A.B. asks: 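The structure under discussion is supplied below as structure tokens; questions concerning it will follow.
Proteins come first, then strands; the chains are lettered A, B, ... in the order of their sequence lines, and each starts at number 1. Being a predicted model, the structure only gives us computed values, none of them experimental.
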Protein chains: 2
Amino acid sequence: MHGGTKMDKIEKRPRGRPRAYEPEVALRQAADAFWKAGYSGTSLDDLSAATGMNRPSLRAAFGDKHTIYLRALADYWGLKFAVMKVALASPGTLPEVLMRVYDSALDIYFSGDEHVRGCFVVGTAITEALGDPEIQDVVTGGFRKLDADFETRLREARDAGELKKDADPEALAMLVSATMHTIAIRARAGASRAELRKLAQKAVGVITG
Amino acid sequence: MHGGTKMDKIEKRPRGRPRAYEPEVALRQAADAFWKAGYSGTSLDDLSAATGMNRPSLRAAFGDKHTIYLRALADYWGLKFAVMKVALASPGTLPEVLMRVYDSALDIYFSGDEHVRGCFVVGTAITEALGDPEIQDVVTGGFRKLDADFETRLREARDAGELKKDADPEALAMLVSATMHTIAIRARAGASRAELRKLAQKAVGVITG
DNA sequence: AACATATTATACGAACCGGTACAAAATTCA
DNA sequence: TGAATTTTGTACCGGTTCGTATAATATGTT
């Protein structure tokens, strides 16, 4: 539970008073707070309560509220990219792979300790994106990457004969993303995991012909 | 510019000091403010500035912040339902009708005086839905209605021979909604109207076979 | 033991927040 | 003209928000 993966932190302790938190853990807890109530709906006191750190420590460790949010957002994209990469590279037929994509996404959307959370980007960044170019850029970049990854996999499927020869990988990738987006939205709106999985199955059925 | 549509407001003036605003106009201006920055990101002072009304008047006329937001949300759904109904009942082939659906939605999403706004629900209500059951219910109800309207139209199309006999109207309706949702999200993330229209065309192509 | 260093904890400040009391203003009615 | 009625505008309230200055604490170094 505490064992290190690489060198078990034999790093010489730094000079002063030791930290009372682990940066990675605290940042994840901060992200959880944003995930629940959004950027504007989360105060520094909320972050303080979520992490156990007081405001000055929070500031010293991660910067101001905006910076903390951007870090949480970047971490979320990192997780999503990694999970999607694994799912897209998994073996099986195209429908199986796509269902693995959606099941992996649902794992994230329903990863809250008690309740649903939906997608961090759709649930918190989309609202802020209009008035915050920095957030907007990160969001747009992430969508572009996922679109491209889906399209690549669909092109492979077409070339492997899993789709009709005249199938349009770009168009189908848009629908794969669209299905992801509708699931993200509906999760936050209260739909059950079973319901969303069924939706994904129907979408995959149409997309793969 | 000021002429009435029905009876030109010959209604006898009420007793006291006359209102300095038109309730419908003010409510729309308040909705615009929420639309830009979200529920948590909009203060009563913001609403006051947007409507020209001071806080006490705002309160007396429409209730507290939460109530004002719920009214704006209900009005938005009303507009969206009406516009979708017109588009779905319009003449033409199924692809033409669906493109009219998306063009109508884009009319709303790009109806801001200066910038894009995206979908009011996706852009502002989804973030709050998790922690606000009242908002969540309204959002879910709206989605359900639109899903049903799309499905009805698709079933008609199938029965009219515009879709394969074994087409699944429910599955296709999910994809019609999903495409709407991805457009709503991407609009807020900064995509251009032309780009989104192209996306819609590709999606309609796949959906209608 | 004394000092240097890094973090934590408390407390403060200025601005903002949602909401409201109260007086001033504008109108109708008698 | 003056009373009644309704809205507006100002000012205030308690609480929150973000940020920071400052003191206390816990460690390594000499």
A.B. asks: Would you please confirm or rule out a distance under 4.0 Å between OP1 or OP2 of D:dT20 and any side-chain N or O of A:Arg59?
C.D. replies: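 Yes.
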A.B. asks: Which atom pairs link the protein and nucleotides 15-17 of chain C when you take only N or O atoms and keep those under 3.5 Å?
C.D. replies:
none

A.B. asks: Could you state the interatomic distance from SG (A:Cys119) to CD1 (A:Ile108), rounded to the nearest 0.5 Å?
C.D. replies: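 Rounded to the nearest 0.5 Å, the SG-CD1 separation comes out at 8.0 Å.
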A.B. asks: Go nucleotide by nucleotide along DNA chain C from the 5' end; which of B:Ser40 and A:Ala60 gets its closest nucleotide reached first?
C.D. replies: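 Of the two residues, A:Ala60 wins.
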A.B. asks: Could you pull out all residues at least two apart from B:Asp132 that satisfy salt bridge (Lys or Arg N to Asp or Glu O under 4.0 Å)?
C.D. replies: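 Salt bridge (Lys or Arg N to Asp or Glu O under 4.0 Å) list for B:Asp132, sorted by chain: empty.
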A.B. asks: Do B:Asp32 and B:Arg117 sit within salt-bridge range, that is, some charged N less than 4.0 Å from a carboxylate O?
C.D. replies: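 A salt bridge links B:Asp32 with B:Arg117.
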A.B. asks: Could you go through the side chain to side chain donor-acceptor pair (under 3.5 Å) check for A:Asp64 and A:Thr67 one step at a time?
C.D. replies: CA-CA 5 Å; A:Asp64 66 6; A:Thr67 305; 2.8 Å; yes
A.B. asks: Is there a donor-acceptor contact under 3.5 Å linking the side chains of B:Thr140 and B:Asp137?
C.D. replies: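 Not at all, the side chains of B:Thr140 and B:Asp137 share no donor-acceptor pair under 3.5 Å.
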A.B. asks: Provide, to the nearest angstrom, the distance between the CG atom belonging to A:Leu47 and the P atom belonging to D:dT17.
C.D. replies: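 After rounding, the gap between these two atoms is 11 Å.
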A.B. asks: How far apart are the closest heavy atoms of A:Thr124 and A:Phe34, and which atoms are they?
C.D. replies: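 Answer, listing the atom of A:Thr124 first, then A:Phe34: CG2-O, 3.4 Å.
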A.B. asks: If the threshold is 4.0 Å, N to carboxylate O, is there a salt bridge linking B:Arg28 and B:Asp75?
C.D. replies: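 No salt bridge links B:Arg28 with B:Asp75.
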A.B. asks: Can you tell me which nucleotide in D:dT7, C:dA4, D:dA26 comes closest to the side chain of A:Pro18?
C.D. replies: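 Nearest to the side chain of A:Pro18 among the choices is D:dA26.
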A.B. asks: Tell me, yes or no, whether the heavy-atom count around B:His66 atom NE2, taken from other residues, nucleotides or ligands under 6.0 Å, exceeds 12.
C.D. replies: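 More than 12 within 6.0 Å, yes.
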A.B. asks: Given atom CD of A:Glu22 and atom P of C:dT7, what is their separation to the nearest angstrom?
C.D. replies: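 Going from A:Glu22 (CD) to C:dT7 (P), I get 15 Å.
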A.B. asks: Mind calculating the distance between CD1 (A:Ile68) and P (D:dT17) to the nearest angstrom?
C.D. replies: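 Interatomic distance, CD1 of A:Ile68 to P of D:dT17: 15 Å.
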A.B. asks: In whole Å, what is the span from the CG atom of A:Asp64 to the C1' atom of D:dT17?
C.D. replies: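 My rounded result for the distance is 13 Å.
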A.B. asks: Toward the 5' end of DNA chain C, which comes first, A:Arg19 or B:Tyr39, by nearest nucleotide?
C.D. replies: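 Comparing both residues, the 5'-ward one is A:Arg19.
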A.B. asks: Is it possible for you to check whether B:Lys145 lies under 6.0 Å from the centre of the six-membered ring of B:Phe150, through NZ or CZ, and within 45° of that ring's axis?
C.D. replies: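 No, B:Lys145 and B:Phe150 do not form such a contact.
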A.B. asks: Show me the protein contacts with nucleotides 9-11 of chain D, counting only N or O atoms at under 3.5 Å.
C.D. replies:
residue	atom	partner	partner atom	Å
D:dG9	OP2	B:Asn54	ND2	3.1

